Amino acid sequence: MALFDIPTTRTTREDDAALLKKMNKKVKAPSVVRGGNDISTKISTIKAMVETHLGKFRDEYIIIQDEETLHSYIDASIKTGVLSVDTETTGLDPLQDDLVGVCIYTEGEKAAYIPVGHKSYITGQLSKNQLSLETVGKEFSRIVNGVKIIMFNAAFDMRFIKNHLGVELICDWDCYLASRLLNENEPSKGLKALHKKYILRGEEDAFKFDDLFKGMNFAFVPVNTAYLYAAHDAIITYELYKYQLPFLSPDNVECKTRGLTDVAWVFHNIEMPCVKVVADMEDTGVAFDLYYAAQLKEKYSVLIDEKQKEVYKLIDMYRDEIEKYCIKTTNNKLDDPINIDSPTQLAILLYDIIGVKSVDKKSPRGTGEDILKKIDLPVCNAILEYRAYKKLMSTYIDKLPECVNKKDGRIHCKFNQYGADTGRFSSQDPNLQNIPSHNKDIRKMFVASPGYVLMSADYSQQEPKAMTMMCGDPKMIDAYKHGKDLYAEIAALSFNTTYENCLEFRPDGTTNPEGKNRRSQAKSILLGVLYGRGVPSIAEQLGTTTNKAQAIKDSVFKGFPAIEQFEQDSLQMAEDLGYVTTLWGRKRRLPDMQLPDYEFTWKDGVAPDDDPLNFDDEEEEMAEVPDELIHRYLKKLRSTWGSKKIDIFQEANAEGVWIVDNTKKKADAQRQCVNARIQGSAADMSKLAMIKIGNDPRLKELGFRMLIPVHDEIIAECPKENAKEASERFSQLMSEAPGEKFTIPINCDVEITEQWYGERVEV
DNA sequence: CAGCTATGCGCC
DNA sequence: AAAGGGCGCATAGCTG
């Protein structure tokens, strides 16, 4: 159900403002819960649970309800110089939800909870004995300089504190980011889970917020209960910090001996400075054109309808076969009509009813894009077109307008600055890093603020350039230094021809198909190495045979031995150390690289000739499979592949030997070795650029602000009158970001528009 | 009903 | 014999 009606016409931006106001009104739910019976039961339960599990801390934590106590607590934190901070809120949106309380802890004091937004669930009124936001803000402003601030997921708390207390408290140690740098494979992602694992060593059970308060407004939890839970968070954040501290302190022996010096550098010089930049981007958001979105919705619903009709018309050609099938198989999963959004039903239609032969061995009943393209039936092609429209509609055209913040009409997504294990950002709610770019319509929903222009700057060939620097090949470096096209240069030197013969266009402007072909072959090989892509797959992309692709790859490796060397070095590094590193020293741990290809154990942990009644073999010492047997099987396995391997596993199984096959895991890890170094280095570089840009005083004066990082690209906006100077500075800072690590030129084109991907604007 | 996985597809 | 790195999200279909 729509919360409001999208207008079909628009005259001015003021209409948008009115529209938002209208939305606001309808959205406002009664803030006072009638009766409150449910809620009071829930609160009683919470009270009891908190008392049982956290009651023991009742005297160890305090509630701060007067200014003097807060003042002296802040004094104490100024003395210790370190303060952990955690916020309690009514929700996850720092712009639309409220601050309920702040917890702080400094060594030598009891953990303290400062309630500011607790309310009566009956009257909806603010509870008594709470400090005002102003007072807390005033006290917090005393620690913006000189006190080291510890948080977990700092951008979140920093935003709530900035937006509700009016203080820019900048975090110095984000335990989440520290944890990601220390082990990006760590399965425990949350504060409680990490604390339980590393501080309590798994001894105690920790409450997560949702365990206790799911479906509950934290503002309604009585202060006397809330403080036990909340203050606990400030303590465990601090304890986690103390645990992490030595590992990420460059002078500490723990840091040095564990090879974390560079990782610590990345933490202090890339990740932590990036937090404020991220918090600012999330607060800024990006302007959105609701009217245009409504127009797109009309346009695409028509297209979807037409395509859907076409699909069903084509399916109807098979109606006799469908009927036959339905009679034959009474218990099939087909809806009437067939749901073409269901891969299950579509597979039945294609493979069982129409009788299409599988085109992909890996997924014989697949209905993905590649497979449907290969099948190349009119139905399949129509379905693909239908799916393309449908995807745009559901994921973008329908979804994005719902994400518009009712207060400011902008979309504020959440960036996870260590979202990918390689160090890349990710974005969610909504994901602004996968807005369609091929399609010319969708991105235009994103617009500049009134009076502003959008600026997008992207690194050209960021990853190939990172690869060039990391493998240090002089010919590649030279190509970039002389402003040549790298792929053409690689093609020229690998295929023993001239550079000009490897370009798509001749100097006179006519096209050169052979040149284009050579260039794209070189490109496929280089990017193939970068992605760990196999030769047959490259062959498929180039439309040639595996043998020919292999020959092309050999030529490129011969012409550029540094590329092959880099690949070998990266594999070797991971095998020896268990991790690879980026240009700036971030690590990507790939423990699977150190696995043996196969592992052998006795089935059930017992050798077949063991006497089950003999208990003299103390302490379940796992009997080992004799080397001789292992060698016999290894020899067999290494000269066999594919489905025949299964026969060998079964043969071993019959003998009581259990074989674990790690070869798939290892192959996966091998592909990641090169890619993680390149992708990670590129991510480091992009973050350095964001920090430079975010802290540039001149850009700030010009009213420039970053909006969205898209891996090798930054979208920003700036008042139109300052656009010229800002764009030049923007581009320059991007180019300078990698510093002396890059000895090749980096140029960044800045596009200035009013809509994302719209027409260029002259400034 | 929520929560999970599988499949499919948007981006770099 | 096969053979593509890194994300988040929508939908279907199953489970508790």
Side-chain angles (χ1 to χ4, degrees), chain A residues 184 210 214-215 333 335 339-347 360-363 365-372 383-384 387-400 403 413-416 418-439 442-443 458-464 467 524 527-541 546 549-550 553 570 580 588 590 640-646 663-664 667-680 682-683 686 708-715 756-757:
Chain A
E184 71 286 353
D210 280 355
K214 183 101 197 237
K333 292 174 178 169
D335 288 334
N339 181 357
I340 51 172
D341 292 336
S342 157
T344 316
Q345 297 186 31
L346 190 54
D360 189 323
K361 283 188 180 167
K362 221 177 93 189
S363 78
R365 291 177 68 81
T367 56
E369 187 172 327
D370 297 347
I371 292 172
L372 259 44
I383 286 172
L384 285 174
R387 284 217 283 234
Y389 292 139
K390 191 90 196 274
K391 174 94 178 176
L392 296 179
M393 185 66 117
S394 60
T395 310
Y396 306 104
I397 300 171
D398 277 342
K399 181 68 187 182
L400 292 172
C403 299
C413 75
K414 191 196 167 303
F415 294 110
N416 184 349
Y418 215 133
D421 293 339
T422 52
R424 264 197 187 180
F425 269 80
S426 70
S427 154
Q428 57 177 5
D429 303 317
N431 183 353
L432 294 187
Q433 291 181 323
N434 75 343
I435 306 299
S437 57
H438 185 69
N439 176 298
I442 308 289
R443 285 196 176 190
D458 67 311
Y459 282 120
S460 69
Q461 298 192 353
Q462 189 190 29
E463 292 192 344
M467 182 139 154
S524 286
L527 296 184
V529 172
L530 212 150
Y531 291 142
R533 200 170 179 177
V535 173
S537 158
I538 294 172
E540 193 180 316
Q541 184 191 8
T546 301
Q550 183 63 56
K553 186 173 178 178
S570 302
V580 292
R588 175 73 179 103
L590 298 165
T640 317
W641 52 90
S643 54
K644 286 193 181 163
K645 256 163 61 168
I646 295 167
T663 54
K664 167 83 168 83
D668 285 345
Q670 281 167 359
R671 282 195 298 275
Q672 294 177 68
C673 288
V674 170
N675 182 258
R677 301 186 77 183
I678 303 300
Q679 190 184 114
S686 294
I708 310 166
V710 196
H711 311 304
D712 65 347
E713 180 184 12
I714 296 172
I715 320 298
W756 195 3
Y757 259 47

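Note that the structure is predicted; figures quoted are calculated from it, not measured. Order of the sequence lines sets the chain letters (A, B, ...), proteins ahead of strands, with each chain counted from 1.
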**OP:** Kindly state each residue pair satisfying salt bridge (charged side-chain N to carboxylate O under 4.0 Å, His left out) with at least one member in residues 527-538 of chain A, sequence neighbours excluded.
**Re:** none

**OP:** Can you pull out how bent the helix from dC1(B)-dG16(C) to dC12(B)-dG5(C) is, comparing the axes over its first five and last five pairs, to 10°?
**Re:** 10°

**OP:** Provide, to the nearest angstrom, the distance between the CD atom belonging to Gln433(A) and the P atom belonging to dC12(B).
**Re:** 10 Å

**OP:** Could you check how far CG of Asn675(A) sits from P of dC12(B), rounded to whole Å?
**Re:** 16 Å

Original post:
Hey, mind stepping through Gln345(A) and Asp335(A) against side-chain hydrogen bond (donor to acceptor under 3.5 Å, both in side chains) and telling me if it holds?
Top reply: CA-CA 8 Å; Gln345(A) 297 186 31; Asp335(A) 288 334; 3.0 Å; yes

Original post:
Where the side chain of Asn675(A) meets the backbone of Leu530(A), is there a donor-acceptor pair that is under 3.5 Å apart?
Top reply: yes

**OP:** Scan Thr367(A) against the nucleic acid and name what it touches under 4.0 Å (heavy atoms): base, sugar-phosphate only, or nothing.
**Re:** sugar-phosphate

**OP:** For Gln670(A) and dA2(C), give me the distance from atom CD to atom P, rounded to whole Å.
**Re:** 19 Å

**OP:** Taking salt bridge (Lys or Arg N to Asp or Glu O under 4.0 Å) as the test, write out the residues that go with Lys664(A), two or more places apart.
**Re:** Asp668(A)

Original post:
Out of dC12(B), dG5(C), dG4(C), which nucleotide sits closest to the side chain of Ser537(A)?
Top reply: dG4(C)

Original post:
Just how far, in rounded Å, is C1' of dG8(B) from NZ of Lys362(A)?
Top reply: 13 Å

**OP:** Report yes if some heavy atom in the side chain of Ser686(A) is under 4.5 Å from a heavy atom in the side chain of Gln462(A); otherwise report no.
**Re:** yes

**OP:** Would you please name every residue forming a salt bridge (Lys or Arg N to Asp or Glu O under 4.0 Å) with Glu184(A), sequence neighbours left out?
**Re:** Arg588(A), Arg589(A)

Original post:
For Tyr418(A), what residues pass the side chain to side chain donor-acceptor pair (under 3.5 Å) criterion, not counting sequence neighbours?
Top reply: Arg586(A)

Original post:
Please give, in whole Å, the distance from dA2(C) C1' to Lys645(A) NZ?
Top reply: 11 Å

Subject >> Which atom of Ser427(A) lies closest to which atom of Leu432(A), heavy atoms considered >> reply: OG-N, 2.8 Å

Distances under 3.5 Å between nitrogen or oxygen atoms of protein and nucleotides 13-16 of chain C:
{"unit_1": "dG13(C)", "atom_1": "OP1", "unit_2": "Ser342(A)", "atom_2": "OG", "d": "2.6"}

**OP:** Could you tell me whether the side chain of Arg443(A) reaches within less than 4.5 Å of the side chain of Ser437(A), counting heavy atoms only?
**Re:** yes

Nucleotide N/O of nucleotides 7-9 of chain C paired with protein N/O under 3.5 Å:
{"unit_1": "dC7(C)", "atom_1": "OP1", "unit_2": "Asp421(A)", "atom_2": "N", "d": "3.2"}
{"unit_1": "dG8(C)", "atom_1": "OP1", "unit_2": "Ser426(A)", "atom_2": "OG", "d": "3.1"}
{"unit_1": "dG8(C)", "atom_1": "O4'", "unit_2": "Asn431(A)", "atom_2": "ND2", "d": "2.9"}
{"unit_1": "dC9(C)", "atom_1": "OP1", "unit_2": "Asp429(A)", "atom_2": "N", "d": "2.7"}

Subject >> 5'-most by nearest nucleotide on DNA chain C - Lys361(A) or Arg671(A) >> reply: Lys361(A)

**OP:** Would you please name every residue forming a side chain to side chain donor-acceptor pair (under 3.5 Å) with Asp458(A), sequence neighbours left out?
**Re:** none

Original post:
Which is true for Gly528(A) with a 4.0 Å heavy-atom rule: it touches a base, it touches only sugar-phosphate, or it touches nothing?
Top reply: nothing

**OP:** Would you kindly give the CZ-to-C1' distance between Arg387(A) and dA12(C), to the nearest whole Å?
**Re:** 13 Å

Original post:
Counting any heavy atom closer than 4.0 Å, what does Pro536(A) reach on the DNA or RNA strands: base, sugar-phosphate only, or nothing?
Top reply: base

Original post:
Does Arg424(A) make a side-chain donor-acceptor contact with the base of dC12(B), cut-off 3.5 Å?
Top reply: yes

**OP:** Sequence neighbours left out, what passes salt bridge (Lys or Arg N to Asp or Glu O under 4.0 Å) with Lys390(A)? Give chain and number order.
**Re:** Asp341(A)

**OP:** Could you tell me whether Arg677(A) contacts a base, only the sugar-phosphate backbone, or nothing, with contacts defined as non-hydrogen atoms closer than 4.0 Å?
**Re:** nothing

Subject >> Sugar-phosphate only, base, or nothing, as touched by Ile435(A) at under 4.0 Å among non-hydrogen atoms >> reply: sugar-phosphate

Original post:
Is there a side-chain contact between Thr367(A) and Arg365(A) (heavy atoms, below 4.5 Å)?
Top reply: no

Original post:
Just checking Gln679(A): base, sugar-phosphate only, or nothing, at a heavy-atom cut-off of under 4.0 Å?
Top reply: base

**OP:** Can you tell me, in whole Å, how much space there is between the P of dA3(C) and that of dG8(B)?
**Re:** 15 Å

Original post:
Could you give the CG-to-P distance, from Asp370(A) to dA3(C), as a whole number of Å?
Top reply: 12 Å

**OP:** Applying side chain to side chain donor-acceptor pair (under 3.5 Å), name anything that partners Asn439(A), two or more places apart in sequence or on another chain.
**Re:** Tyr300(A)

**OP:** For Arg677(A), check salt bridge (Lys or Arg N to Asp or Glu O under 4.0 Å) against everything at least two apart and list the hits.
**Re:** none

**OP:** Using a 4.5 Å cut-off on heavy atoms from C-beta on, say whether the side chain of Ile442(A) contacts that of Trp756(A).
**Re:** no

Below 3.5 Å between N/O atoms, which protein atoms pair up with nucleotides 1-4 of chain B? Just atom names and distances, please.
{"unit_1": "dG3(B)", "atom_1": "OP1", "unit_2": "Lys214(A)", "atom_2": "NZ", "d": "3.4"}

Original post:
Tell me: CG of Asp360(A) to P of dA1(C), nearest whole Å?
Top reply: 16 Å

